[in-house]
Amino acid sequence: MDTPETDALHAERHRAVASRDARFDGQFVTAVHSTGIYCRPSCPARTPRVDGVTFFRTSAAAHLAGFRACKRCLPEATPGSPEWDVREDVAGRAMRLVLDGVVERDGVPGLAARVGYSERQLNRIMTAELGAGPKALSRAHRAQTARTLLTSSDLPVADVAFAAGFASVRQFNDTVREVFAVTPTELRARRGGRRGAPGAHADGWLRVHLPARAPFDAQGLLDWHALHALPATEQVDTDADGRVTSYGRLVSLPGGPGWFSASAAVPDVAGRGAGIDLRVRVTDLSDLPTLVARVRALFDLDADPVAVDAVLGAVPELAEHVARVPGLRLPGAVDAHEIVFRTLIGQQVSVAAARTAQTRLVAALGAPVPDAIRPGGLLFPTAAVIAARGHEVLRGPAARVDTILRVAAALADGSLVVDGAQSLDDLRTGLLAVKGIGPWTADYVALRVRHHPDVFLHSDLAVRNGAQELGLPGAARALSLWSEQVAPWRSYLTMHCWRPIIDRAMAATAGARTHRATDDPRKDDR
């Protein structure tokens, strides 16, 4: 909530509201005193007086203060805040866990234990920093998920309640009425002509739209994941020209395995509607919010591309490339442990060689999933399985194999922790303490798992080669020093340096597909 010490911030946010700047949607909400409602910054309603509003960082804080969500601008239907990828403090770490569904699964005691504080301390810290405690923040997140499902799916209302993480239909009804001032049935009826939009269909898929701030380079991420995809765990669909149209994969969720397939949504000319259209199958509907949170991280949907591109595009060497590829995003992770193993296996070998070794590991040790989720699908093996049986499958230098087995054992027994809720320093320190893990590995894992915007892989050979193509220094130390001028967005610089290599690899892959199709007109429709 605003205080006398934040007058400048209050004025800055009011200017954003007056300009209806959609870039700030999801970063704060505007609570209007005269109406008792809160809106997203880009709400088309008349701009309230500067002294007639209170700005809250979270909708949960607005709920606690007695405000309800605007029915016109739907502030819950926005991308999330990029703040949670940046913050290293307790509140930021806890918020990342709240979004992953930890409160629903383990309660506030479980959340407090994960961040190393007592429940009382954690509640005090989060209330002071975010205007609401863990329970209220989790409740607001459930309400947001419920609104999305009510307005973009045909799931029965009772199923929506449990898919959104509510313990009962009554709790769901009470929360929706309190937050949105309408019943769930009335909220669903308001979607009007959008009934044909993504939803639950007779084929068993649940369809959901995940918004992103424009501009959004969805194709770049689809290409990235396609290049690294593993058979039986992931799937890539392409069009007749070899262009990637969707990326799907299995995910291990608390209630059982799930599968999603992601494709780029088609925005209008103003960029509205940018994001990912998702098709989902889950074992337990209550896992849907967790899966959605992980997919949002995988596709970096909560990033602020305007802020990133403004800094990178102001550098003469990058200006043309940023203008050509606006809204570039970071590839995140749906499983932190999987990223660790795939990184270790892929060290100092080509992407193709890494994919071959990783595919062999999955084929030998991956757990099968029910056909209802994915026929013939295999989950990436767990740390415990790799620790016990990895020596049967892993090939390569003995030192590397020993490191992988050592890491697997440490992850399995909990002596090594790798997850997105950690601070960047804690994540890197823990990894570097393991014999056989160096700075490149720790930084790459941090970029993918921690999703931090300011990690630059200056020692990576592909990054250095790509940097030279962009007119940047090619030597590791010189490139590292040069990169400091684009902080705190050096992770995105990493992606821009990788982009030329990815584009060439995708062009070669598409050419190979076309060549095979010409040689053999029979279509493989597996």
Would you name the heavy atoms of [X] and [Y] that are closest together and state the gap between them?
X	Y	answer
Ala94	Leu111	O-CD1, 3.8 Å
Pro267	Ala274	CB-N, 3.6 Å
Gly332	His451	CA-CD2, 3.5 Å
Ala446	Leu424	CB-CD1, 3.5 Å
Glu129	Ala91	CB-CB, 3.9 Å
Cys43	Arg20	O-NE, 3.3 Å

Hey, what do you get for [atom1] ([X]) to [atom2] ([Y]), rounding to the nearest 0.5 Å?
X	Y	atom1	atom2	result
Leu472	Leu493	CG	CG	6.5 Å
Met95	Leu137	CE	CG	5.0 Å
Leu457	Thr494	CG	OG1	4.5 Å
Arg342	His337	CZ	NE2	15.5 Å
Glu12	Phe55	CD	CZ	10.0 Å
Arg329	Ser491	CZ	OG	13.5 Å

Exercise for the section: Compute both the distance and the angle, then confirm whether Arg281 meets the cation-pi test with Trp259: under 6.0 Å from the six-membered ring centre, within 45 degrees of the axis. Expected result: no

Practice task
With Arg57 as the cation and Phe28 as the aromatic partner, state whether NZ or CZ is under 6.0 Å from the six-membered ring centre and within 45° of the axis.
Solution key: no

Problem - salt bridge (charged side-chain N to carboxylate O under 4.0 Å, His left out) partners of residues 472-490, not counting sequence neighbours, each pair once - result: Asp454-Arg490

Exercise for the section: Could you list all the salt bridge (charged side-chain N to carboxylate O under 4.0 Å, His left out) pairs where at least one residue sits in residues 58-72, not counting sequence neighbours? Expected result: none

Looking only at the side chains, is there a donor atom on one of [X] and [Y] sitting less than 3.5 Å from an acceptor on the other?
X	Y	result
Gln27	Arg13	no
Asp460	Trp498	yes
Asp426	Thr429	no
Asp239	Thr245	no
Thr441	Gln347	yes
Ser286	Glu104	no
Glu469	Asn465	no
Thr290	Arg105	yes
Ser483	His458	no

Practice task
Please lay out, stage by stage, how Leu206 and Val208 fare under the test side-chain contact (heavy atoms from CB on, under 4.5 Å).
Solution key: CA-CA 7 Å; Leu206 175 65; Val208 181; 4.1 Å; yes

Is any side-chain heavy atom of [Y] closer than 4.5 Å to one of [X]?
X	Y	result
Thr58	Met126	no
Thr175	Arg139	yes
Val463	Phe456	yes
Ile37	Phe67	no
Leu149	Leu288	yes
Leu122	Pro134	yes
Trp482	Val315	yes
Phe260	Arg249	yes

Can any side-chain N or O of [X] pair as donor or acceptor with the backbone N or O of [Y] at less than 3.5 Å?
X	Y	value
Arg96	Gln422	yes
Ser480	Ala476	no
Arg504	Arg499	no
Thr145	His141	yes
Glu234	Leu230	yes
Arg464	Ala475	no
Arg448	Ala333	no
Arg355	Leu227	yes

Salt bridge or not between [X] and [Y]? Use side-chain N to carboxylate O under 4.0 Å.
X	Y	result
Arg243	Asp241	no
Arg428	Asp443	yes
Arg114	Asp419	yes

Problem - For Tyr444, all residues meeting ring pair (Phe, Tyr, Trp, His ring centres under 6.0 Å), sequence neighbours excluded - result: Trp440

Problem - Partner set under ring pair (Phe, Tyr, Trp, His ring centres under 6.0 Å) for His228, not counting sequence neighbours - result: Trp224

Acceptor/donor pairs from residues 318-326 side chains to any protein atom, 3.5 angstrom cut, sequence neighbours excluded:
from   : atom 1 : to     : atom 2 : distance (Å)
His321 : ND1    : His496 : ND1    : 2.8
His321 : NE2    : Arg324 : NH2    : 3.2

Handout entry: Test salt bridge (charged side-chain N to carboxylate O under 4.0 Å, His left out) applied to Asp89 and Arg93, step by step
Key = CA-CA 6 Å; Asp89 59 1; Arg93 290 168 52 208; over 6 Å; no

Handout entry: Trace of the side-chain contact (heavy atoms from CB on, under 4.5 Å) decision for Asp217 with Gln219
Key = CA-CA 5 Å; Asp217 177 34; Gln219 192 62 50; 4.2 Å; yes

Identify every side-chain donor-acceptor pair in residues 292-308 under 3.5 Å, counting partners at least two apart or on other chains, and give the distances.
from   : atom 1 : to     : atom 2 : distance (Å)
Arg294 : NE     : Asp100 : OD1    : 3.0
Arg294 : NH1    : Ser252 : O      : 3.3
Arg294 : NH2    : Asp100 : OD2    : 3.2
Arg296 : NE     : Asp302 : OD1    : 3.0
Arg296 : NH1    : Pro211 : O      : 3.3
Arg296 : NH2    : Pro211 : O      : 2.8
Arg296 : NH2    : Asp302 : OD1    : 2.7
Asp300 : OD2    : Leu330 : N      : 3.1
Asp300 : OD2    : Tyr492 : OH     : 2.8
Asp302 : OD1    : Gly80  : N      : 2.6
Asp304 : OD1    : Val306 : N      : 3.4
Asp304 : OD1    : Ala307 : N      : 3.3
Asp304 : OD2    : Arg23  : NH1    : 3.1

Practice task
May I ask you to check whether Tyr38 and His63 place their ring centres under 6.0 Å from each other?
Solution key: yes

